[in-house]
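Here the structure is laid out as structure tokens; the discussion comes afterwards.
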Amino acid sequence: MSLNGKVALVTGGAQGIGRAVVQLLLQTSAKVAMVDLNKACGEECKAQLDVEFGEGNCTFISCDVSNGDALRDAFQRTVDKFGRLDIVINNAGINNEKNWEKTIQVNLTSVIKGTYLALEHMSKEYSKEGGTIINVSSMAAFLHSPHQPVYTATKHGVIGFTRAIADASSQGDYGVRINVLCPAFVDTPLLHSVEHEDNMGKFVKFKDDFRRSMTKFGVLQPSLIAEGMMRLIMDTTLNGAVMKITCSKGIHFHTYEPMSA
Ligand SMILES: NC(=O)c1ccc[n+]([C@@H]2O[C@H](COP(=O)([O-])OP(=O)(O)OC[C@H]3O[C@@H](n4cnc5c(N)ncnc54)[C@H](O)[C@@H]3O)[C@@H](O)[C@H]2O)c1
Ligand SMILES: CCCCC[C@H](O)/C=C/C=C\C/C=C\C/C=C\CCCC(=O)O
């Protein structure tokens, strides 16, 4: 399994799930642009990855994905540095029910913008060579969480958008596969945001329910989510697929009823 010669861009790549994905992409010989808001974490992460994989394989781009111009610039800088773009992972996400408009901007609007920018750099519509996009949703889109109404809404939105644009890609012959990944609870700093009123607002009073839910369903490791991403990258038959990853069933796919009149 090699991605030698391929170039990937991962948003939210400095920490948590994104970081695990960056690591696995480098292990499979891809070049990677790690795009993240957290400059200190991103620079520290790049320094470690340079030691492990050698300099020149990974670049860190400091960028707030909710700033459209900065995101456009991050895509351009990736192509300027590595010469092409093949894989885009729209992973950056936040959990903030207090500043819920920001949650919509980061979790949904930026995923849509990231997908459109990825198409500009990869789609045959723009005379490019094709590629693959993975948008990160959550199991919260299937088992709605009363503690996170807006977070849950954004993750539903990511699935709806991804399935629709994946159909547009196949019908429009874009040459780009677009899939969505929905993890259950994963052991990352995001999970601890449930403890904080700054993140949860009035829903912080449900934090014990949330903890019980984690105990009931279990908590996954980021490396398993990276493994799921790799499957979506490598399996060229997948477009518009909704991958779920849970403790009880591992990596599996959601199935939908066919549309009927
Ligand atoms: N951890 C979980 O339990 C879990 C479960 C299901 C889905 N998810 C989703 O997985 C994705 C990654 O989450 P995680 O758990 O690794 O979170 P995390 O908080 O550990 O990491 C998220 C990364 O995104 C970056 N980021 C946040 N806002 C940004 C912005 N505006 N611009 C650029 N970068 C930004 C952060 O700096 C951080 O490095 C998110 O979309 C999240 O909703 C997480
Ligand atoms: C505090 C913010 C962290 C949010 C993480 C995540 O996106 C939120 C998920 C919320 C609710 C539902 C999630 C998981 C349920 C887990 C598994 C159910 C699967 C059932 C099974 O075991 O097959």
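Counting starts at 1 for both ligands and their atoms, following the listed order.
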**Report entry** Thr154 side, atom OG1; Gln105 side, atom CD - distance, nearest 0.5 Å
**Finding:**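 If we round to the nearest 0.5 Å, Thr154:OG1 and Gln105:CD are 12.0 Å apart.
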For [X], atoms of ligand 2 separated by under 4.0 Å from a heavy atom:
| X | value |
| --- | --- |
| Thr246 | 19 (C), 23 (O) |
| Phe210 | 1 (C) |
| Leu190 | 1 (C), 2 (C), 3 (C) |

Is [X] reaching over with its side chain to a backbone N or O of [Y], donor-acceptor style, under 3.5 angstrom?
| X | Y | answer |
| --- | --- | --- |
| Asn107 | Gly93 | no |
| Arg177 | Asp235 | yes |
| Asn96 | Thr103 | no |

Query raised in the report: Heavy atoms under 4.0 Å from ligand 1: which residues qualify?
Result: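 Ligand 1 is contacted, at a heavy-atom distance under 4.0 Å, by Gly12, Gln15, Gly16, Ile17, Asp36, Leu37, Asn38, Cys63, Asp64, Val65, Asn91, Ala92, Gly93, Ile94, Val106, Val136, Ser137, Ser138, Tyr151, Lys155, Pro183, Ala184, Phe185, Val186, Thr188, Pro189, Leu190, Leu191.
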Query - side chain to side chain contact (heavy atoms under 4.5 Å, CB included) between His254 and Ile159, intermediate numbers included - result: CA-CA 11 Å; His254 188 73; Ile159 294 178; over 6 Å; no
Requested in this report: Please check if Phe206 and Trp100 belong to a single hydrophobic cluster, counting links between Ile, Leu, Val, Met, Phe, Trp and Tyr side chain heavy atoms closer than 4.5 Å.
Outcome: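 In one cluster with Phe206: Trp100, no.
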Closest approach of any protein heavy atom to [atom], naming residue and atom:
| atom | answer |
| --- | --- |
| atom 12 (C) of ligand 2 | Leu143 O, 3.7 Å |
| atom 5 (C) of ligand 2 | Tyr151 OH, 3.8 Å |
| atom 23 (O) of ligand 2 | Ser248 OG, 2.7 Å |
| atom 6 (C) of ligand 2 | Ser138 OG, 3.5 Å |

Query raised in the report: Out of Met139, Lys216, Met200, Gln148, whose heavy atom is nearest to atom 8 (C) of ligand 2?
Result: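 Nearest heavy atom to atom 8 (C) of ligand 2 lies in Gln148.
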**Report entry** Residue from Asp73, Thr78, Asp80 passing side-chain hydrogen bond (donor to acceptor under 3.5 Å, both in side chains) with Gln76
**Finding:**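 Single pass found, and it is Asp80.
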Query - Min heavy-atom dist Ser193 to ligand 2 below 4.0 Å - result: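 Ser193 counts as a contact of ligand 2 under the 4.0 Å cut-off.
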Query raised in the report: Would you say Phe142 contacts ligand 2, with heavy atoms under 4.0 Å as the rule?
Result: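 No, Phe142 has no heavy atom closer than 4.0 Å to ligand 2.
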Report task. Could you please spell out the steps behind the side chain to side chain contact (heavy atoms under 4.5 Å, CB included) verdict for Asn95 and Gln148? Result -> CA-CA 8 Å; Asn95 171 52; Gln148 301 174 282; 3.0 Å; yes
Query - Validation row, ring centre Phe75 to ring centre Tyr116 under 6.0 Å - result: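 Centroid separation for Phe75 and Tyr116: 6.0 Å or greater.
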Requested in this report: Would you sort out whether Asn135 and Thr115 count as a side-chain hydrogen bond (donor to acceptor under 3.5 Å, both in side chains), showing the intermediate values?
Outcome: CA-CA 8 Å; Asn135 292 332; Thr115 302; 3.3 Å; yes
**Report entry** Neighbour count >12 (heavy atoms, 6.0 Å) for atom CZ, Arg72
**Finding:**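 No, CZ of Arg72 has 12 or fewer neighbouring heavy atoms, counting only those of other groups under 6.0 Å.
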